[in-house]
Amino acid sequence: MGAFQTLPGFREFFPEDLARRNHVFRLWRRTANAFGFSEYDAPVLEPLDLYRAKSGDEIETQLFSFTDKGGREVALRPEMTPTVCRLVGERAGTLKRPIKWYSIAEFYRYERMQKGRGRCFFQLNADIFGEPGPEAEIELIALLIQSFTAFGLTAEDVWVRLSDRNLWFFYLEALGLDEPRVRAVLGAVDKFERMGDDAFKPYAEKFGPLDEAIKAKVLAFLQIKSLAGLEQALAAAGGGERLSARLADWKKLLGGLDAMGLSPFVTVDLGVVRGLAYYTGFVFEAFDRKGELRALAGGGRYDDLVAKLGGPELPAAGFAIGDMTFSLLLEQRGLMPPLAPAADVYVVIGGQKEREAAFADIASLRGAGYRVEYPMKEVAFGKQFKAAVESGARIALIYGSEELARGVVKLRDLRSRTEHDVSKAEVASAVRSVFTGQ
RNA sequence: GCGGCCAUAGCUCAGUUGGUUAGAGCACAAGAUUGUGGAUCUUGGGGUCGCGGGUUCGAGCCCCGUUGGCCGCCCCA
């Protein structure tokens, strides 16, 4: 069709597509509001340096970036985190703490398309600023989970894998590794699930083979799946102040989630490291239980980022859920409801005279907020009733010559297939009483 | 950035060893049907066969290129 098509990876939302998207956004919004988060928004186009500052120069290959007519290097936003850090940083001194903010926005990444990944997508972003303790993570992970369960998903469908970059750091340092080596090992941990032993190759190339005793401990640590296992491993590592402080945070976090009834969703899983990005504490990722889809959501603590982007020191944690994989999951589980737009009232019109008589009532019903449809052309009655049913309307109002001669309109209940006359003056109240159930 | 598969109507697809004017179902529209229900029947509109080149008397079909899509790798903030 035509000479022009959408750019690769971009999406068009026909009405039925937009209805599904809006359904997702509506429940996300309701959920975030229930948790006391405030919604914000910000520019789609940002200075390129904002992302260079956060992620380094390589990031540019993954961005829609260009030079604008004023010579500024700009980029379509690939994520919300740097932006929200700037917003909060600007007013950090005057905002009430904790700062709980969310947004539903579109993002753009210049990447190869795959199932559940395109070049444009929407995310629910939720962040808490100003709260350094695991109380923030409790709130965030609870919101994350309720953002799933609001749609009917259960712990049979989704789970959240919970890990801790700080704990890894402290643990590896306790094993005697310096910071560059710790980072290299974390890189291997991140890829171990997918690559197996090959994940340690980059480390070996840089620093020589990893000591076998240490590697065994790393692999054992990586496989820990419970708080008890964590306690054991840390005790074996000789405890230490920082490690026991982390353990206390873990207990608080898991205890809080358990008290909220969310334990069935959450698993200790130190195999999750979330790249090498900017995370500084707890990190978590959500997946479908069957493991058929890409990650549904990801997040964690990033206490240094606001300051790194020029703001004040401000502890922060947050997560994002993408709409593509999430919608796929809802479809797969049959949790995307049929969302055909339905009329409330369909007006059946006899002829030109009756049309004009009907218009006044149509206008006032619409003014009252009812969704009212009528045929734009003169159409046989039989067809109009068919159209009335197909419109999804609850009732049909019949403006025929016989009725109008008697000063009435016929009101037909399309569900019960019953009808009665109402006086022309009382059409609006008759319609209202049908919808309010008298 | 790399690899595999694919591309015919809005959707799902058929299309004979290369042969005349490219078909079906669904969807849409009109009629049967000018006062009452999702049906049925009839009819209709809708195609640069993704695009460009090549081979051939002749290409939807074969060859090359290209664009786009799906799937995977890299990446995934």
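Chain identifiers are assigned alphabetically (A, B, ...) following the order of the sequence lines, protein sequences preceding nucleic acid strands; residue numbering begins at 1 within each chain.
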On a whole-Å scale, what distance lies between the [atom1] atoms belonging to [N] and [M]?
| N | M | atom1 | value |
| --- | --- | --- | --- |
| B:C61 | B:G23 | C1' | 15 Å |
| B:A7 | B:C11 | C1' | 15 Å |
| B:G54 | B:U12 | P | 32 Å |
| B:U16 | B:G60 | P | 12 Å |
| B:G65 | B:G25 | P | 39 Å |
| B:U55 | B:C63 | P | 15 Å |
| B:C6 | B:G44 | C1' | 33 Å |
| B:G18 | B:G58 | C1' | 8 Å |

Aromatic contact, [X] with [Y] (centres under 6.0 Å):
| X | Y | answer |
| --- | --- | --- |
| A:Tyr346 | A:Phe385 | no |
| A:Phe359 | A:Tyr374 | yes |
| A:Trp250 | A:Phe282 | yes |
| A:Phe265 | A:Trp159 | no |
| A:Phe10 | A:Phe64 | yes |
| A:Trp168 | A:Phe221 | yes |
| A:Phe122 | A:Phe25 | yes |

Classify the nucleic acid contact of [X] as base, sugar-phosphate or nothing, counting any heavy atom under 4.0 Å across all strands shown.
| X | value |
| --- | --- |
| A:Lys191 | sugar-phosphate |
| A:Glu378 | nothing |
| A:Gly9 | sugar-phosphate |
| A:Pro78 | base |
| A:Glu402 | base |
| A:Thr61 | nothing |
| A:Glu354 | nothing |

Side chain of [X] - closest among [options]:
| X | options | answer |
| --- | --- | --- |
| A:Ile398 | B:G37, B:G68, B:U36 | B:U36 |
| A:Gln114 | B:A77, B:C73, B:U36 | B:C73 |
| A:Arg112 | B:G72, B:G37, B:A77 | B:G72 |
| A:Ala380 | B:U34, B:A77, B:G35 | B:U34 |
| A:Gln62 | B:G68, B:U36, B:C75 | B:C75 |

From [atom1] of [X] over to [atom2] of [N], roughly how many Å is that when rounded to an integer?
| X | N | atom1 | atom2 | value |
| --- | --- | --- | --- | --- |
| A:Arg165 | B:A77 | CZ | C1' | 12 Å |
| A:Glu106 | B:A77 | CD | P | 19 Å |
| A:Arg294 | B:C74 | CZ | P | 11 Å |
| A:Met113 | B:C6 | CE | C1' | 15 Å |
| A:Phe385 | B:U36 | CZ | C1' | 4 Å |
| A:Glu58 | B:C76 | CD | P | 10 Å |
| A:Phe10 | B:G69 | CZ | P | 11 Å |
| A:Asn125 | B:A77 | CG | C1' | 11 Å |

**OP:** Rounded to the nearest 0.5 Å, what's the gap from CD on A:Glu419 to CD1 on A:Ile398? Could you check?
**Re:** 5.0 Å
**OP:** Could you pull out all residues at least two apart from A:Phe148 that satisfy ring-ring contact (aromatic ring centres under 6.0 Å, His included)?
**Re:** A:Phe326
**OP:** For A:Phe381 and B:G35, say yes or no: do the ring centres fall under 5.5 Å of each other while the ring planes differ by less than 30°?
**Re:** yes
Between the base of [N] and the side chain of [X], is there any donor-acceptor pair under 3.5 Å?
| X | N | answer |
| --- | --- | --- |
| A:Arg117 | B:C75 | yes |
| A:Arg412 | B:G37 | yes |
| A:Gln384 | B:U36 | no |

Subject >> side-chain N/O A:Lys386 vs B:A39 OP1/OP2, d < 4.0 Å >> reply: yes
Original post:
Quick one: is B:G35 close enough that its OP1 or OP2 comes under 4.0 Å of any side-chain N or O from A:Lys383?
Top reply: no
Original post:
Should stems be defined as at least three consecutive Watson-Crick or G-U pairs with both distances under 3.5 angstrom, which of them involve RNA chain B?
Top reply: B:1-7 with B:67-73, B:10-13 with B:23-26, B:28-32 with B:40-44, B:50-54 with B:62-66
**OP:** Between A:Pro8 and A:Arg417, just flag the one whose closest nucleotide in RNA chain B comes earlier from the 5' side.
**Re:** A:Arg417
Subject >> Comparing A:Leu7 and A:Arg109 on RNA chain B - which has the more 5′ nearest nucleotide >> reply: A:Leu7
Original post:
Picking from A:Asp323, A:Leu144, A:Leu143, A:Ile104, what satisfies side-chain contact (heavy atoms from CB on, under 4.5 Å) with A:Leu124?
Top reply: A:Ile104
